[in-house]
Amino acid sequence: MIATSTFSVPLANETATAELMADLALLIGAGDVITLSGDLGAGKTAAARALIRYLADDATLEVPSPTFTLAQSYELPAFPIIHADLYRINDASELEEIGLSPLPDDVAALIEWPERAPDAMPDDRIDIAFSHRPALGSTARAAEITGYGTSAAKVARLEVLRQFLERAGFLHARRERMPGDASTRSYARLRTDDGSVILMNSPRRPDGPAIYNGQSYSAAVHLAEDVRPFVAIGNGLRKHGFSAPAIRHSDLDSGFLITEDFGSAGVIEGDPPQPIIERYEAATDMLAALHREALPETLPITADTAYDIPVFDIDAWLIEIGLMLEWYLPDRGVEPSEELRSEFLGMWRGLLEKPAAAPQTWAIRDFHSPNIIWLAERTGILRVGIIDFQDAVLGPAAYDVVSLLQDARIDVPEQLELALLTRYIKARRTTDMSFDPAQFAELYAIMSAQRNTRLLGTFARLNRRDGKPQYLKHQPRIWTYLNRSLAHPALTTFRLWYEANVPPPLP
């Protein structure tokens, strides 16, 4: 029996319809099918237009009814969409002519008049049935939303999201799409007359196959599996004098947060983007200040619950760099033998004993340009707004310095990297004369080699497994950073091994 989930929404006008479709947009992706049913004039095309415009981040985008063209495609930033109208379809066999049989799995499909070809509709879909409500006004509608099969969970989550927004007082806020990241999280900016806040949709991370010592990849490398670490680490950062967004409203069980809006001023500029040196200097100073702190290993989440920050250990590092063997090398035509795998992991295990023995601090983990907001109205290190920290672990201070100074998304010139690394070391020495610059430089090189090895594999996996080829453009930059770190004398053996066994990425 196919699972279903249903709820109804009153829609006073097209603005309410747009709000509903924006909320739905947070939860869908490529492969989802949304069928729109109802009488003529019930609001099907208006709903499709609202969803497409929201995902396009363009309120004026021309979205004609596909009544005569039958299907219209849109290449949108998040994923492509097909908008189809089956009113003129006489037989389900005609769907093949317009690319809807079989339905492509790399796009989202919006289908009006699905009842014209009911047998062709997939078991897993979201149906929105619109109906007139003339007693409530000429523009009033109601929408009955039903999820079938695997889509039932998304409809249930949509209902919980709408209830959360209503409790928080933002159900009728104006939604603005925000770009997502490589995770399952999604975001929207909510605007009211009182200002703006950020809505975070952070569903519990689904468990992957237990192929890493009986654990999924995310569990084995200590990635956050729900929203609780974000709350704990964010509160901890603010308590210790750093700028993390304040949490205004939360539903920890469902994974919805409404947080302070830091705006969109970043730490890079230009085309191609380059570091804004003053802002990178401030970010470097912020890390030095964080790493001087005596930081707790356990943080409160609520009055009754706490979060133990996991340790970034050798086993986690080895699983991360194993992505090179699993994804990057096969992409470059190399099928690693068991002997090569054993040699690679054994070599790394010995080297990683050094950072494992180093003093531990909070390693934010993805402290680089996409996750740093510049807060010009604040002063000092408070100008550095940190927005991505849910995967924080206890690890060596060098890790986040690498994340910043070898930014995976933009080119950081080697001269600037060295200047900022020197700035960090001087800042640490100012308050701790026992801080050893040479030892830190060695740890920096080791963590750089580990991180960039992992990123080569991660970006290959995002392309091949997750259908996100845009990440491949970063691989040549990662290769450059990797070779900078392999030039350190402590990594000479590794440099020779990589030269012999690891092909460079395609340009």
Practice problem: Decide, yes or no, whether a salt bridge links D23 with R175 under the criterion of side-chain N to carboxylate O below 4.0 Å. | Solution: yes
Practice problem: Verify, without hydrogens or angle tests, whether T192 (side chain) and D194 (backbone) share a donor-acceptor contact under 3.5 angstrom. | Solution: yes
Practice problem: Please confirm whether the backbone N or O of R451 pairs with a side-chain atom of Y481, one donor and one acceptor, at under 3.5 Å? | Solution: no
Practice problem: Assess whether salt bridge (charged side-chain N to carboxylate O under 4.0 Å, His left out) is satisfied between E225 and R204, documenting all intermediate values. | Solution: CA-CA 6 Å; E225 300 202 336; R204 182 170 179 81; 3.6 Å; yes
Self-check item: Salt bridge flag under 4.0 Å for residues R116 and D85
Solution: no
Self-check item: Among T35, I28, L27, side chain to side chain contact (heavy atoms under 4.5 Å, CB included) partner for I126
Solution: I28
Exercise. Evaluate the ring planes of F312 and Y399, with Trp represented by its six-membered ring, and classify them as parallel (under 30°), tilted (30 to 60°) or perpendicular (over 60°).
Key: perpendicular
Quiz item: So, does E159 use its side chain to make a donor-acceptor pair with the main chain of V155 at under 3.5 Å?
Solution: no
Practice problem: Please say whether more than 12 non-hydrogen atoms of neighbouring residues, nucleotides or ligands are located less than 6.0 Å from CG in L382. | Solution: yes
Quiz item: Any idea how H249 and F170 line up, ring-wise: parallel (<30°), tilted (30 to 60°), or perpendicular (>60°)?
Solution: perpendicular
Quiz prompt | D261: which of I198, I373, L199, L190 passes side chain to side chain contact (heavy atoms under 4.5 Å, CB included) | solution = I198
Quiz item: Is D127 reaching over with its side chain to a backbone N or O of T146, donor-acceptor style, under 3.5 angstrom?
Solution: no
Practice problem: Give a yes or no on whether the backbone of V63 and the side-chain of R49 come within a donor-acceptor separation of less than 3.5 Å. | Solution: yes
Practice problem: Might you work through the side-chain contact (heavy atoms from CB on, under 4.5 Å) test for E281 and L420, ending with a clear yes or no? | Solution: CA-CA 7 Å; E281 288 175 343; L420 293 172; 3.7 Å; yes
Quiz item: Should the heavy atoms of other residues, nucleotides or ligands under 6.0 Å from CD of E166 be counted, would the total exceed 12?
Solution: no
Quiz item: Ignoring hydrogens and geometry, is there a side-chain-to-backbone donor-acceptor pair from D32 to A108 under 3.5 Å?
Solution: no
Exercise. Any chance you could measure I478, atom CD1, to R454, atom CZ, to the nearest 0.5 Å?
Key: 9.0 Å
Self-check item: R185 and its salt bridge (charged side-chain N to carboxylate O under 4.0 Å, His left out) partner, picked from D391, D388, D226
Solution: D388
Self-check item: ring pair (Phe, Tyr, Trp, His ring centres under 6.0 Å), paired with F389, selected from W362, F230, F242, F367
Solution: F230
Practice problem: State whether the side chain of R378 and the backbone N or O of L375 hold a donor-acceptor pair below 3.5 Å, judged by distance alone. | Solution: no
Quiz prompt | Residue from Q475, Q406, R477 passing side chain to side chain donor-acceptor pair (under 3.5 Å) with N452 | solution = Q406
Exercise. For the pair R409 (side chain) and H368 (backbone), establish whether a donor and an acceptor sit closer than 3.5 Å, ignoring hydrogens and angles.
Key: no
Quiz item: Does the R157 side chain pair with the main chain of S254, one donor and one acceptor, at a distance under 3.5 Å?
Solution: yes
Quiz item: With a cut-off of 6.0 Å (strictly less than), are more than 12 heavy atoms of other residues, nucleotides or ligands near CZ of F262?
Solution: yes
Self-check item: Minimum heavy-atom distance Y54-A25, with the two atoms named
Solution: CD2-CB, 3.6 Å
Quiz prompt | Exam field: side chain K44 to backbone G38, donor-acceptor pair closer than 3.5 Å | solution = yes
Exercise. List the atom of L299, the atom of G236, and the distance in Å for their closest heavy-atom pair.
Key: CD2-CA, 4.3 Å
